[in-house]
Q: 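Dropping a structure here in structure tokens format, bear with me for questions.
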Amino acid sequence: MDSSRGQERADLHLHTTYSDGALTPYELIKKAKEANLRIISITDHDNVSAIDDAIDIGRDLGVEVIPGVELSATVAEKEIHILGYFVDCKQLEFLEHLSMFRRERMRRAERIVEKLNSLNVPLKLEDVLERAGTGSIGRPHIASALVEEGHADSYREAFSKYIGYGCPAYEKKYQLSPTEALQLVATAKGLSFLAHPGKYLADGVLLQLIKAGIDGVEVVHPSHGPDNTAHYRGIVNEYFLLESGGSDFHGGKKNDDNFFGSFTIPVDWVENMRRRLF
Ligand code: AMP
Ligand code: FE
Ligand code: FE
Ligand code: ZN
């Protein structure tokens, strides 16, 4: 018996340079090791390209890496995020959809830059592309470019003045329904979780997702206070769902270093997930 097992911690929500995170998978896993995490999941937006190597790196460093992904879906004009865990990163239909979402992200970045230019903000697409590298391009790359090229005073201002929801250079993403997102995770033989519901969501939407077959809810997240976490754990128990959590760490300009290691879950929750896989 390993009596320290109950103390072991996991962080199942982390981003890398394969989407809008600042650290490479190696840098992230090293940081996880230093923070004494036993299990992590890398959940890049619309991308699982980090996973294969990350599993090997994790094996070398003694951190288990669970395959993950974060998808965006739309409910009543609002965006929600669905986390997929234990996804099969070789499943073709799943990979083709992720490629399509990334292509759509690129087209959206182009539209945002065009809008900025028409607002007399002379940001160049290359300035954004060089920050995204080969990963899924997102607004955080545009925000960083706006700050570093001198068009916004801060990362926050880049959103509040230009690219945040409802702002003059805002552009929607590809519109996926929640049911389609859940189906896609199921196609990849993964488990689907509603990400950070406290950020945006009425319980009615969560109930619809439960009816549509969602497997669990992310109950631990920096946007959740203790009341949110207790509330969503109550729903999880009532509907026999799984529970998840993590720091949603991105690093870099997001300035969220204090979240790393502070928003974790017991590894037992991951074992509960494994028992639900078939
Ligand atoms: P995207 O996936 O391209 O829509 O970018 C979404 C990401 O941008 C979110 O995960 C946040 O990290 C960031 N973001 C969105 N809105 C804001 C905001 N108002 N202030 C700061 N960051 C934001
Ligand atoms: Fe992100
Ligand atoms: Fe998210
Ligand atoms: Zn995230």
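Counting starts at 1 for both ligands and their atoms, in listed order.
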Q: Please state which protein non-hydrogen atom is closest to atom 3 (O) of ligand 1 and give its distance, to 0.1 Å?
A: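 Among all protein heavy atoms, the one nearest atom 3 (O) of ligand 1 is R139 N, 2.7 Å.
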Q: Would you say the side-chain atoms of R102 pair up with the backbone N or O of I137, donor to acceptor, closer than 3.5 Å?
A: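 A pair under 3.5 Å: no.
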Q: Please verify whether a non-hydrogen atom of G138 lies at under 4.0 Å from ligand 1.
A: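 Yes, G138 has a heavy atom closer than 4.0 Å to ligand 1.
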Q: For the Zn ion (ligand 4), what is the closest N, O or S atom on H15?
A: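 This residue's closest N, O or S atom turns out to be NE2.
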Q: Have a look at H81 and say which of its N, O or S atoms is nearest the Fe ion (ligand 3).
A: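 Output for this pair reads ND1.
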Q: Side-chain heavy atoms under 4.5 angstrom apart, residues restricted to Ile, Leu, Val, Met, Phe, Trp, Tyr: same cluster for I51 and Y18?
A: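 Each belongs to a different hydrophobic cluster.
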Q: Are a donor atom and an acceptor atom from the side chains of S247 and D11 found within less than 3.5 Å of each other?
A: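 The criterion, which ignores hydrogens and geometry beyond distance, is satisfied for D11 and S247.
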Q: Between G21, S160, P140, flag the one that comes closest to atom 7 (C) of ligand 1 by a heavy atom.
A: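 Closest candidate by heavy-atom distance is P140.
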Q: Going by atom types alone, do S72 and K173 pair a side-chain donor with an acceptor below 3.5 Å?
A: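 Note: S72 and K173 side chains meet the donor-acceptor criterion.
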Q: Say you draw a straight line from OH of Y162 to CZ of R139; how long is it, rounded to the nearest 0.5 Å?
A: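 Interatomic distance, Y162 OH to R139 CZ, rounded to 0.5 Å: 16.0 Å.
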Q: Give the single entry among R105, R108, H45, K199 that approaches atom 4 (O) of ligand 1 most closely by any heavy atom.
A: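 Comparing heavy atoms across R105, R108, H45, K199, the nearest one to atom 4 (O) of ligand 1 lies in R108.
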Q: Return yes if some donor-acceptor pair links the side-chain N/O of R108 with the main-chain N/O of E171 below 3.5 Å, else return no.
A: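 Yes, the answer is positive, given that a donor and an acceptor are paired below the 3.5 Å cut-off.
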Q: Verify the ring-centre separation between F260 and F249: is it less than 6.0 angstrom?
A: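 Ring-ring flag for F249/F260: true, centres closer than 6.0 Å.
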Q: Look at the N, O or S atoms of H196, main chain and side chain alike, and state whether any lies under 2.8 Å from the Fe ion (ligand 3).
A: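 Of the N, O and S atoms in H196, at least one lies under 2.8 Å from the Fe ion (ligand 3), which means yes.
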Q: Around atom 14 (N) of ligand 1, find the nearest protein heavy atom and jot down its residue, atom name and distance.
A: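 Minimum-distance protein heavy atom for atom 14 (N) of ligand 1 reads F159 CE2, 3.2 Å.
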Q: Within less than 2.8 Å of the Fe ion (ligand 3), any N, O or S from H45?
A: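 No.
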Q: Which of these passes side chain to side chain contact (heavy atoms under 4.5 Å, CB included) with S41: V65, I66, V270, V69?
A: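 Going through V65, I66, V270, V69 one by one, the side chain to side chain contact (heavy atoms under 4.5 Å, CB included) with S41 is satisfied by I66 alone.
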Q: Tell me, which N, O or S atom in E70 is closest to the Zn ion (ligand 4)?
A: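 Closest N, O or S atom of E70 to the Zn ion (ligand 4): OE1.
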Q: For the Fe ion (ligand 3), find the closest N/O/S atom belonging to E70 and write down its atom name.
A: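 The nearest such atom is OE2.
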Q: How close does the nearest protein non-hydrogen atom get to atom 2 (O) of ligand 1, and which residue and atom is it?
A: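 Looking only at protein heavy atoms, the one closest to atom 2 (O) of ligand 1 is K173 NZ, 3.0 Å.
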Q: Given 3.5 Å as the limit, does a donor-acceptor pair link the side chain of D44 with the main chain of T16, or not?
A: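 Yes, D44 side chain to T16 backbone: donor-acceptor pair under 3.5 Å.
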Q: Could you tell me whether the Fe ion (ligand 3) has an N, O or S atom of D248 under 2.8 Å away?
A: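 No, since none of the N, O or S atoms of D248 sits under 2.8 Å from the Fe ion (ligand 3).
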Q: I need the NE2(H13)-the Zn ion (ligand 4)-OD1(D248) angle, rounded to 10 degrees.
A: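 NE2 of H13 and OD1 of D248 make an angle of 80° at the Zn ion (ligand 4), to the nearest 10°.
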Q: For the rings on F263 and H221, is their centre-to-centre separation under 6.0 Å?
A: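 They do not qualify: ring centres at least 6.0 Å apart.
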Q: Starting from atom 9 (C) of ligand 1, what is the nearest protein heavy atom, named by residue and atom, and what distance separates them?
A: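 Result: K254 NZ, 4.7 Å.
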